[in-house]
Amino acid sequence: MRVFNTLGRVLTELEPAPPARLGMYVCGPTVQSEPHLGHGRSAVAFDTIRRYLRWRGYDVTYVRNVTDIEDKIIAAAQERGMSVPELAEEMSARFAETFAALAVEAPDVEPRATEHIPEIIELIARLIDRGLAYPSGGDVYFSVRGFEGYGKLSGRRPDELLSGARVEVSDAKQDPLDFALWKAAKPGEPWWHSPWGRGRPGWHIECSAMAMKYLGETIDIHGGGNDLIFPHHENEIAQSEGATGKPFVQYWLHNGMVNLAGEKMSKSTGVLVDLAEAIRRFGGMAVRLLYLRAHYRSPLEFREELVADAAAAVERLDRFRRRFPPPDAAADPEALERFRRVMDDDFGTPEAVGLLFDLVREANRMADEGQDPAGIVAAFYEIAGVLGLVFASTGLDDLADPLVSLAAEFGVEVDGDPVACLESLLARRRRAREERDWPVADAIRDRLDALGIVVEDSADGTRWHRR
RNA sequence: GGCGACGUGGCCGAGUGGUUAGGCGCGGGUCUGCAAAACCCGUUACCCCGGUUCAAUUCCGGGCGUCGCCUCCA
């Protein structure tokens, strides 16, 4: 299978072939504020890649970090009158529950920067030993010009970077390009003891330390948003390879940005859409499908009508799932082969989604014509599962009271169980239909519809689902 | 200015040197007590200009336009 490697900007064969162990590190969020649609895209993109690699037979170890100490978190915590750990804890929980609503699986390891201070300090010390970093006034900086390969990921040469206007100037740096590995604590900031005094890690170093701790000095796949290519990932390479002398990452994978009204979603500009809000309004699967319908590397323009469109498409999948429960049958091999072919080509999820809808139509048609679609249906479930399109069956517990009174209204025997209640009502309606008593049959259907329960008749019986 | 991505039908979005993506929407039909669902048919697509070719939306060159990165960012 081929993947697009940002390092070299080429589609390359993923080696070794399965089965093999594969270490995968993805830059998780800096837990400073609520997740937005961009965070969701990255999480879903790499969750899908992880699921697919596993399906292909790889033994994947998936690490996604939480950066819980950083300048912006400190600032945000002060603004809200909270401690840094309190804010980080609250936002981590928000990210976790929001990602869960997108059916993003929990990572195998979810390391936090603040729990790896010893590893970070050790890595910095190694870089100092090797002459690639230097302490300065309580800070420690990385010597960019001391690392020969600097710029190989982002395609920037140190000399060209100098002309950029946004280089942070500091008397403490020997060179304007140098970046902080360790920052001396200012009054009121969180700090840890270090050989260079009280301080905290710089932004990039925690990913190097944690990735290497859990996945070794050379890791197979490293992912993140393409806005991290420079400087974050460029600096990770410099720090890691500077310390070990070995290649840090075999395959760099980057997802595209989510744009809003033609502009990138970003914390700094305030151009963003709250992820939890979008999930609340359209459902987690609609948001996930929205992501999957674009290739993970393409920019994705967000508009409300596009999520509504995705929600309608999810409805179709959901109706299909209700019509055909998971069968006890082998998945159609031809469908799986098509899936493998499009996904093997740098994770072609838009085509895979197209395939999924092909299967929906095919199985519906077969069933309509009296054939058994079990193999197609099984392929549908297998593929949907790999794409992370999972559907929770909705209960009726919140509708217990209205259902009981509705049952009583139609003279149906009831106990408190809402499912039994609904079944009784549907049985009553079936009798009405057999007696060609359309007013009663339609009234039951209309009243259930008002509760959000949709009743549909078909040749093979009556089905219901919540709207 | 440097580096990179991209311009496909009403909307979104794959893909291909000549032959069906797919979804949503819209129109027609089948089925059905009605409704819904499902299925079938249609909705005449590939930014512009050159070039290569028997043939280009697909390859090459130029133009126009959009977006991202260039030390906050997923």
Side-chain angles (χ1 to χ4, degrees), chain A residues 6 9 26-30 32 35-46 70-72 75 144 151 154-157 160-161 163-168 176-180 203-204 223-232 234-235 254-259 262-269 272 275 289-290 293-295 297-301 303 305-306 308-317 319-320 322-323 342 345 348-358 360-369 433 436-438 441-442 445-446 449 454-459 463 465:
Chain A
T6 306
R9 298 179 199 282
V26 174
C27 280
T30 300
Q32 151 214 339
H36 64 245
L37 279 171
H39 295 114
R41 185 179 194 192
S42 188
V44 166
F46 291 105
E70 194 263 344
D71 294 10
K72 294 229 152 189
V144 166
S154 59
R156 297 174 211 293
R157 310 259 37 111
E160 292 164 356
L161 286 169
S163 57
R166 284 162 67 181
V167 175
E168 190 186 335
L177 294 180
D178 294 348
F179 58 89
W203 172 36
H204 316 292
N226 70 14
D227 54 349
L228 297 180
I229 294 171
F230 189 88
H232 185 57
E234 194 69 62
N235 289 355
H254 290 96
N255 65 275
M257 297 291 98
V258 180
N259 294 160
E263 206 179 328
K264 178 190 153 189
M265 261 182 222
S266 147
K267 292 175 196 166
S268 59
T269 57
L272 44 82
L275 180 59
L289 188 64
L290 175 76
R293 292 213 290 186
H295 186 88
R297 285 192 285 116
S298 303
L300 175 61
E301 185 67 33
R303 268 183 290 127
E305 63 179 280
L306 300 182
D309 182 303
V314 165
E315 260 305 301
R316 180 163 160 84
L317 297 178
R319 282 193 301 264
F320 181 79
R322 287 192 302 267
R323 182 177 185 187
V342 299
D345 189 14
T349 60
E351 288 171 277
V353 170
L355 165 60
L356 204 57
F357 282 95
D358 283 342
V360 167
R361 193 182 327 97
E362 190 174 351
N364 276 324
R365 189 181 47 72
M366 288 175 78
D368 286 356
E369 291 171 359
R433 294 184 73 211
R436 309 187 70 80
D437 183 358
W438 310 128
D442 291 350
R445 186 173 63 196
D446 291 346
D449 188 80
V454 179
V455 175
E456 296 172 356
D457 302 314
S458 76
R463 279 191 297 272
H465 68 271

Task: Those residues that, when tested against A/R316, pass salt bridge (Lys or Arg N to Asp or Glu O under 4.0 Å) (two or more places apart) - done: none

Open item on the list: If the condition is side-chain contact (heavy atoms from CB on, under 4.5 Å), which residues does A/N226 pass it with, not counting sequence neighbours?
Closed with: A/I229, A/H254, A/M257

- [ ] Assess whether one donor atom and one acceptor atom, taken from the side chain of A/R445 and the base of B/A35, lie less than 3.5 Å apart.
- [x] yes

Open item on the list: Base, sugar-phosphate or nothing for A/G225? Non-hydrogen atoms, less than 4.0 Å.
Closed with: sugar-phosphate

Open item on the list: Output the pairing pattern of RNA chain B as a dot-bracket string, 5' first, Watson-Crick or G-U wobble with both distances under 3.5 Å, | for cross-strand pairs, [ ] for crossing pairs.
Closed with: (((((((..(((.....[...)))((((((.......))))))...(((((..]....))))))))))))....

Report each atom pair, protein N/O against N/O of nucleotides 8-12 of chain B, whose distance is under 3.5 angstrom.
{"from": "B/C12", "atom 1": "OP1", "to": "A/R303", "atom 2": "NH2", "distance (Å)": "3.3"}

Task: Listed partners of A/E305 passing side-chain contact (heavy atoms from CB on, under 4.5 Å), at least two apart - done: A/R303

Open item on the list: Under the criterion of centre distance below 5.5 Å and interplanar angle below 30°, is A/W438 classified as stacked on the base of B/G33?
Closed with: yes

Task: d(CG, A/D449; P, B/A37) in whole Å - done: 12 Å

Open item on the list: When the C1' atoms of B/G18 and B/C67 are compared, how many Å lie between them, rounded to an integer?
Closed with: 33 Å

Please produce a list of atom pairs where a protein N or O lies less than 3.5 Å from an N or O of nucleotides 39-43 of chain B.
{"from": "B/C39", "atom 1": "OP1", "to": "A/R316", "atom 2": "NH2", "distance (Å)": "3.2"}
{"from": "B/C39", "atom 1": "OP1", "to": "A/N364", "atom 2": "ND2", "distance (Å)": "3.3"}
{"from": "B/C39", "atom 1": "OP2", "to": "A/R316", "atom 2": "NH1", "distance (Å)": "3.2"}
{"from": "B/C39", "atom 1": "O4'", "to": "A/D368", "atom 2": "OD2", "distance (Å)": "3.2"}

Open item on the list: Under 3.5 Å, is there any donor-acceptor pair linking the side chain of A/D457 to the base of B/C34?
Closed with: yes

